[in-house]
Number of protein chains: 4
Amino acid sequence: MEKKKVVLAYSGGLDTSVILKWLANKGFEVIAYVADVGQQEDFEAIRDKALATGASKVYVEDLKEELVTGYIYHALKANAVYEGKYLLGTSIARPIIAKRHIEIAKKEGTVYVAHGATGKGNDQVRFELAFYALMPEVKIIAPWKDPEWLSEFEGRSQMIAYAEKYTIPVKASTKKPYSEDENLLHISHEAGILEDPALACPSDVFSHTVNPWDAPDETTILAIEFEDGIPTRVTNENDGTVVDTPLELFTYMNKIGHDNAVGRVDMVENRYVGIKSRGVYETPGGTILWFAHRDLEGICMDKEVMHLRDSLIPKFAELIYNGYWFSPEFDFLSAAINKSQELITGVAKVAIYKGNMISAGVSSPYSLYNEKLGSMEVSGGYQPVDCKGFININGIRLQAHHYWLKAKEME
Amino acid sequence: MEKKKVVLAYSGGLDTSVILKWLANKGFEVIAYVADVGQQEDFEAIRDKALATGASKVYVEDLKEELVTGYIYHALKANAVYEGKYLLGTSIARPIIAKRHIEIAKKEGTVYVAHGATGKGNDQVRFELAFYALMPEVKIIAPWKDPEWLSEFEGRSQMIAYAEKYTIPVKASTKKPYSEDENLLHISHEAGILEDPALACPSDVFSHTVNPWDAPDETTILAIEFEDGIPTRVTNENDGTVVDTPLELFTYMNKIGHDNAVGRVDMVENRYVGIKSRGVYETPGGTILWFAHRDLEGICMDKEVMHLRDSLIPKFAELIYNGYWFSPEFDFLSAAINKSQELITGVAKVAIYKGNMISAGVSSPYSLYNEKLGSMEVSGGYQPVDCKGFININGIRLQAHHYWLKAKEME
Amino acid sequence: MEKKKVVLAYSGGLDTSVILKWLANKGFEVIAYVADVGQQEDFEAIRDKALATGASKVYVEDLKEELVTGYIYHALKANAVYEGKYLLGTSIARPIIAKRHIEIAKKEGTVYVAHGATGKGNDQVRFELAFYALMPEVKIIAPWKDPEWLSEFEGRSQMIAYAEKYTIPVKASTKKPYSEDENLLHISHEAGILEDPALACPSDVFSHTVNPWDAPDETTILAIEFEDGIPTRVTNENDGTVVDTPLELFTYMNKIGHDNAVGRVDMVENRYVGIKSRGVYETPGGTILWFAHRDLEGICMDKEVMHLRDSLIPKFAELIYNGYWFSPEFDFLSAAINKSQELITGVAKVAIYKGNMISAGVSSPYSLYNEKLGSMEVSGGYQPVDCKGFININGIRLQAHHYWLKAKEME
Amino acid sequence: MEKKKVVLAYSGGLDTSVILKWLANKGFEVIAYVADVGQQEDFEAIRDKALATGASKVYVEDLKEELVTGYIYHALKANAVYEGKYLLGTSIARPIIAKRHIEIAKKEGTVYVAHGATGKGNDQVRFELAFYALMPEVKIIAPWKDPEWLSEFEGRSQMIAYAEKYTIPVKASTKKPYSEDENLLHISHEAGILEDPALACPSDVFSHTVNPWDAPDETTILAIEFEDGIPTRVTNENDGTVVDTPLELFTYMNKIGHDNAVGRVDMVENRYVGIKSRGVYETPGGTILWFAHRDLEGICMDKEVMHLRDSLIPKFAELIYNGYWFSPEFDFLSAAINKSQELITGVAKVAIYKGNMISAGVSSPYSLYNEKLGSMEVSGGYQPVDCKGFININGIRLQAHHYWLKAKEME
């Protein structure tokens, strides 16, 4: 009988290596899938380890450019931010990873996919909801929610024992006392020593940004150009550097952010699965782009569109955070968000200095800012008497309401 | 015949001095009202000037503490921010100024009130909507929308001539090349040389904050205590300073913010009267309090309340910005906001360094953060198998939707 | 050893009778709790059956008046309607039933509660979420989600066998070919022969309303008085009947609605647990009250409050539907809703005729309707020239937006 | 010197006839524009009268089909309803009338447009905002806000005198004691004898629907087919009539609605210009289509899309009501609404009887209703144990919140 194929999201770490072998031992033909979303890894070593551990085939997929243009920039268009602080660095990488996962499963002709996300976190939800959306007939193997696996592997020690039994190499290197997730947009740090939210995050946790006090005592001025809400070109006005392709641009922004200590966030957030969790994030380039994008919208986005859009940001961000990228409600909001960016074209300048982002001028061919109108000294498209009518009409219902409120109080 | 009384909001500047005399010359008994909302002024000199210019009586009213406890802290509870950046420093001071204005009118037995706000800005709307709400029978004299006044005073030069004619002292001091508005929460700078949004704001415009590069190379750690969403006590962990009365606390926060370069915003915003305007703001203490309040909410605010509240912030801020503090819709939202703060009690620590605010630990007697649950390493109140059910149920409709979407595409 | 007590929600039907005996056989002391929310039942017979089946004690609780004043009228204040059609008749009764359930558990000194709701419906969620909220330490026994029960009872036939074995009386009466849930607000009909949404609901399903074609060919005019959004008095203008206590009033409204064919809804709705379900509802009195309440709001609710409130109705209704009556987010919205009803006082007249509700006049001591202002023939509080200013100011941004849109298209 | 051209929206009534002559007397070349949006009129007589009164040219434009497909059906997609009752019959016709008005002005090479809407109503706002959007450089002549006109014409009698002076025919026919506005979607009745909202509307006011008691004692069953949210075909199951072109379909729906007394609304609504106004509306065909569309969405619209969309209906309807059809915020919402209708395809049957609309079955090729899942008797895509996990996870935060709430109360 032919073996069933399963496509496993493989990182090269202990967990997914043990899962790979465990699946193989259960009779599956295991195809390892490694997504390169910008994390620092030796992908060839991971490929070799997968094969050595029993994978029949390995896919190492470079998803970096699509991550930037298809995912990060879509969130940027909406100024998406979760719970007032988090730029969704981990959440945004999940749908693209899951999409490629399913594409490989289809190519390999199987409905079985497996992942090693834990059974209490957000990622399992994000992966599996995307799987269900992109392949309704999918069969998901999630060992950390599988009673058989859970009874066999209570913790790390059983996995190490299993690895040793099957001669899977276990990194001797000292594991960090907290967990991390890294991609082009950000790196997250959580759990372990970071679990007590009353304690400040130690400085040595950070890796994608220098400390503000270690950043150069110098201001860097960036001119960031956008077309229809998308960054297209960045000029460093200090040294004349110009970058204008998506991956180069985003990588450059990360470097500037890193060097100048921009983009750290430390927060307690609400996970989709009902509990609060402390996350420490570094989002160097994204933080500057989000800031510049909002500044540019200031001069070329219509007021009512901005106010409506802003009231929908929490929902839009929640959908990304919760794993609903591939959902009809995300498509519904995205249609509006895309519409809102039609005239968001122009340049926002940002001065960067030791963790600070300072607005340094905005301009747009579609500027709605009219110096003549906006100035309080020069008359423009409407007259003061127009304001009188405007106020009178807007004030009528306030007069009526308070008249009755007072009358009622005096009854 | 007895003269009609009018209560005039008086600042001591050229405009309201000329208005005072103009109203007196039109036969009004003018009562000057000076609101102390924390601006740097010699209030006794203003009182004397009002009397010298023809006021029959002068009210100098200290509104500072009520501004903090009744207005700023109410906005803080909602984390109110306008168009993603502006903490509403000018807007928040307007309703309390208008309220006292009407109280004085009632005490003086008149329905006439006058103000010197320009005819194209937000303040006229804020003042007048508050007047209409608090005294539906009010009669408003707004010279800058009055055709008679406008034909007499085309600009500053006619006012200076009028002042000289009536021996009203005109400050010889060089006027700043832009306009400012100051109170406890912030100072704004706009118009004049700031009108071109493509040009960065010059450093010498700022007065309530030092430049980041001029701030001390030292981190200041503040422990900020809140009860039901309201700051009650701040401890400077560097030097042991403790402040715990509203005005002292807020003033201290302003000093810390000032010294450490916190709270600058430069933006193009949408005025209520339909045009865009560039505003440069300094909100030193408020910016830190807003940041700390959000951090504290992280551990003790319910997720769904936070997400709902966050979606209403743009509307809540818009109402403050547009001048609807005294309106039924503001009361409607405020009832919910107040409810949301019932358990927002605890301490948020913030480290301040050269313009940076760094979360440095949060704790609450009502913490909803549970280390056992939140950790990915320890099992808690629910089991991984629960997540399976959670995901399965949430995934059903995604499967169905995409099934049909695909079917339709293939038709 | 003392037996563990469990409080079981008991209906007298086959399911909960078998559950009662099953729990007793497992060693529990079973206390039966019967909630009278207005359903047509012989409560003494149910009490006797519970005792005969093995209950150690029976609570028959009359919750009708509290259901009206504390639950139905709160939803009415919000004009709560789910998915545009459903007045939430079943959903609203669940929290009060659960609240009394927990009160009895506390009185009996136990943390065990049991219910017989099915494992795929909404009610299990509503009951259990309320239990968790009102008694965080609760232990819930839900047989229809219990693997042991499910393996023993695959369907109705095993339950009948079990009942016969333990001499539990099984009603010989022919069961209806669909399921129903009844309380003061409504009766629902679903499942069974109603499952195919392509088929119209047969007339003989309805029990709380006559068919429109069977209703009298006569118009009944009701004058419904409200105070702060709550119905306080109804006068039938045809025959002079007056009702003015909550239960009498609501019961009378049900009778009028029943006799005149008002309040039927037939819809496919979205259950919280991710699937669509067809429900047929009869809500005779509630439907008229909802209609009259909205009519009265027309003259005495502020415009902006109404528009904001209306945008929150779907969320408010969703929370009731999903079982979040006892939740912080429901409290958050309720605070606003309560505020919105402060001046909703007056009389709404409704003419009822064969299923039609016809507005027949509204009046209020706090009417915001001003004949002088509202008429197009008479000038009032503002002048036509005010409208010019109002339109000019509101039009500025439209001019600017379309100017650029056109310019961009022509590029 | 060449005369300036002005395009005047002309109805043939007294007001616009006097305006036409008045404009001509002021030296304008007046081009009359008559929009046929389905009102009952003798358009050739109007054309003749315009020419006789001094128009240099007359455009009689048939806008009926575009009104249905481009405007009414767009509102239908959103289930747009204003303040819970009004289907926006007048509001929806305004943008198309204004659009053609501007097209004619462009064709005629002028920027002058004139209309006869009153200075206190909604229509002036709707027309003028559309003008500003579609032709930013427009110059609007609105006599009822023009001081010169207002001083000359205080009321009807001065207009009659003016008409007689210039031999403009004045209809001898008795004017109705209230005003009306009619188009394909509805007829409105307001002002005059309808001004007192405490008085029921007399039966003889209605013209587009029979009284419920005068409708036939017979049920008519319609099968209404939709594609992507748009009605495409209606079959009368009683007599086999089939209609499937837009105008024929909509006209047929109006006839069925009229004959069966469907679509009356009587309400006090909030005008954009700050006052409340009583409106009586008849919307026979539209009311049935709105009902059927919602019913169809029940089986084929995703839950989360529906709930989000429903929360945006009040805003969407407000924009139409206030005159913002041609605005960036309307485009923003419309993009989402259009997206939401992608799978709203199928048949909704409605039984019509004496003012009642009764759901009579829905079906769709993209039905999300699954009998197996939806039934409470048959197990389907998820298991009861899944619900346990779902509830446990959703309940966690309720437990925590109420735990602290209770703890705080006991302090």
Side-chain angles (χ1 to χ4, degrees), chain A residues 129 132 147 227-228 270 274 299-308 311-312 315 329 339-346 364-370 372-374 380-409 411, chain C residues 129 132 147 227-228 270 274 299-308 311-312 315 329 339-346 364-370 372-374 380-409 411:
Chain A
L129 291 179
Y132 283 129
E227 279 179 28
D228 294 351
N270 290 289
I299 49 162
C300 50
M301 180 174 261
D302 174 77
K303 174 172 73 165
E304 295 301 317
V305 171
M306 183 184 283
H307 292 199
L308 254 179
S311 73
L312 293 168
K315 185 70 191 175
E329 64 269 33
K339 191 77 192 165
S340 77
Q341 299 295 301
E342 278 182 359
L343 295 168
I344 310 306
T345 292
S364 167
Y366 309 123
S367 172
L368 299 169
Y369 180 92
N370 182 326
K372 290 209 183 63
L373 275 176
Y382 64 91
Q383 302 304 323
V385 70
D386 287 337
C387 282
K388 197 173 167 193
F390 182 79
I391 297 169
N392 284 353
I393 286 176
N394 284 311
I396 286 171
R397 62 182 185 83
L398 301 184
Q399 292 174 285
H401 175 75
H402 284 86
Y403 179 81
W404 287 126
L405 210 57
K406 209 167 103 184
K408 195 185 181 192
E409 278 162 12
E411 268 167 17
Chain C
L129 291 179
Y132 284 130
E227 279 178 28
D228 294 350
N270 289 290
I299 48 161
C300 50
M301 180 174 259
D302 175 76
K303 174 172 73 165
E304 294 300 317
V305 171
M306 183 184 283
H307 293 199
L308 253 178
S311 73
L312 294 168
K315 185 69 190 176
E329 64 270 32
K339 191 76 192 165
S340 77
Q341 299 294 303
E342 277 182 1
L343 295 168
I344 310 306
T345 292
S364 166
Y366 309 123
S367 172
L368 298 169
Y369 180 91
N370 181 327
K372 292 209 182 63
L373 276 175
Y382 64 90
Q383 301 303 322
V385 70
D386 287 337
C387 280
K388 196 172 169 195
F390 182 79
I391 297 168
N392 284 353
I393 285 176
N394 284 311
I396 286 172
R397 61 182 186 84
L398 302 184
Q399 290 174 286
H401 174 75
H402 284 86
Y403 179 82
W404 287 127
L405 210 58
K406 208 167 103 183
K408 195 185 181 191
E409 278 162 13
E411 270 166 18

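Chain letters run A, B, ... following the sequence lines, proteins first and then strands; every chain starts at 1. Source: prediction; values computed, not measured.
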Check: [Y] and [X] side chains under 4.5 Å, non-hydrogen atoms:
{"X": "Lys408(C)", "Y": "Asp228(A)", "result": "yes"}
{"X": "Leu368(A)", "Y": "Arg397(C)", "result": "no"}
{"X": "Leu343(C)", "Y": "His401(A)", "result": "yes"}

Reported CZ-to-CG distance for the pair Phe390(A) and Asn392(C), which is rounded to 0.5 angstrom: 11.5 Å
What distance do Ile393(C) atom CD1 and Lys388(A) atom NZ have between them, rounded to the nearest 0.5 Å? 13.0 Å
Applying a strict 4.5 Å limit to non-hydrogen atoms, the region of Leu398(C) in contact with chain A is neither
Is chain C contacted by the side chain of Gln399(A), its backbone, both, or neither, given a heavy-atom distance below 4.5 Å? neither
Proximity breakdown for Ile391(A) and chain C, heavy-atom pairs closer than 4.5 Å: neither
